[in-house]
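Start at 1 and go down the list; that is how both ligands and their atoms are numbered.
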Amino acid sequence: MNLRYTTSGESHGPELMAIVEGVPAGLALGTADIDGDLARRQLGYGRGGRMRIETDRATITSGVRYGQTLGTPIGLRILNADWKNWKTVMRAGAASAGKRAEPLTVPRPGHADLCGTEKFGLGDIRSVLERASARETATRVAVGAIARRLLDEFGVLIFSHVTRIGKVAVRRGRSLVPEDFRKVDGSPVRTLAADREKAMTDVIAAARKQGESLGGVFEVAVFGLVPGLGSYASGPERLGGRLGGALMSIPAIKGVEVGDGFAAAARPGSRVHDEIFFRPGKGYYRRTNHAGGLEGGITTGAPLIVRAAMKPIPTLTRPLKSVDIASGRTAPALKERSDVCAVPAAAVVGEAMVAIELARAMMEKLGGDSIEDMKGSYLAYLRRLRDSWPQP
Ligand code: EPS
């Protein structure tokens, strides 16, 4: 079985949950492997008051015994500390007399509020926004941490950094290596460009003052992948599409690029394609990586580089015009406590989504019910690749 997961939970309900199926047996896994990533997702300049309430930690409730996966579904829980303040509003049982929360009826432009109420036939926007909330991404980061643990067994490393907040962009420089990311978690905006950090925090502070919100761009970089993950054989197997879909499933993501992405469309082929070289002992390699580590929907063995564009968060403290769905009258959109900018957090979610998709691709390539089975076929695959090299 390949890696599959489902999550549940409302932002202000009692807890978030995930069930992860298809993780091979024998993988060392503990909550410490998950909690580090959960904590990184909570960071970032521009977050709202909620992150001061929560300290996200995972509880593993099934599928792991004595620190090792069993090959059975893994259950995860993350408690919502804020639940204690929402017990009446988010009660699962019937509302006691006179205790039903006033419905929210003015949707925020750009949020799932209106389409969600229409789709599910709900009269109260709260019934939509609680699940549409980016709080759900905490569970995806937890699932991603399991995928990352699996990839780690094969020397695969996944990092992220922010390349734009609003108008402030980081100029692209030389190709990055894992050591470049050593201090990125220490940056309040997860940037590698120390000289842009202040400009980034300044635009977020200014947006907060103006009742605005800001988006941006983050990049995920993956090192240590073998060539041959994904496939050109059928469209849905192409790794570019799978990674794009995974990243686009993060709330507020409106665009994804692989490698040079949109910039490649403006250049002639000779300046886009990475020339191929060969050295005995080293194998095939490219000196450039415009392709971002993917050719024909398959990994080349070069670092995988993907970027995602996040739109500004729809909750504005100086709200846009909207319509009250109860009266049909024009009204200012609803205001909720919210983040001003969550691009640094989205970057951590991006790492998780990429990890999940890559773990799937690894499992497709290598199969196996246990991590030892996977390692056996991994070594056999590397041997086969080496044996296929030209003998000068
Ligand atoms: C969110 C609104 C804010 C964010 C939240 C996403 O929460 P609250 O409504 O409780 O203030 O902080 O993000 C998280 C809770 C989280 O864990 O990332 C929204 O409306 O999407």
Arg360/Glu364 ion pair, N-O < 4.0 Å:
no
Around atom CG of Leu70, are there more than 12 heavy atoms of other residues, nucleotides or ligands at under 6.0 Å?
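Atom CG in Leu70 is crowded, with more than 12 foreign heavy atoms closer than 6.0 Å.
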Surrounding OH of Tyr232 (heavy atoms of other residues, nucleotides or ligands, distance under 6.0 Å), is the total greater than 12?
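No, the 6.0 Å shell around OH holds no more than 12 heavy atoms from other groups.
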Using the ring of Phe181 (Phe, Tyr or Trp, six-membered ring only), decide whether Lys183 places NZ or CZ under 6.0 Å from its centre and within 45 degrees of its axis.
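No cation-pi geometry.
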Checking Arg286 against Phe277: charged group under 6.0 Å from the ring centre and within 45 degrees of the axis?
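No, a cation-pi geometry is absent between Arg286 and Phe277.
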Looking at Tyr378 versus Phe154, is the centre-to-centre ring distance below 6.0 Å?
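Ring centres of Phe154 and Tyr378 closer than 6.0 Å.
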Got the residues with a heavy atom under 4.0 Å of ligand 1, by chain and number?
His12, Arg41, Arg47, Arg50, Met51, Ser133, Ala134, Arg135, Glu336, Arg337, Asp339
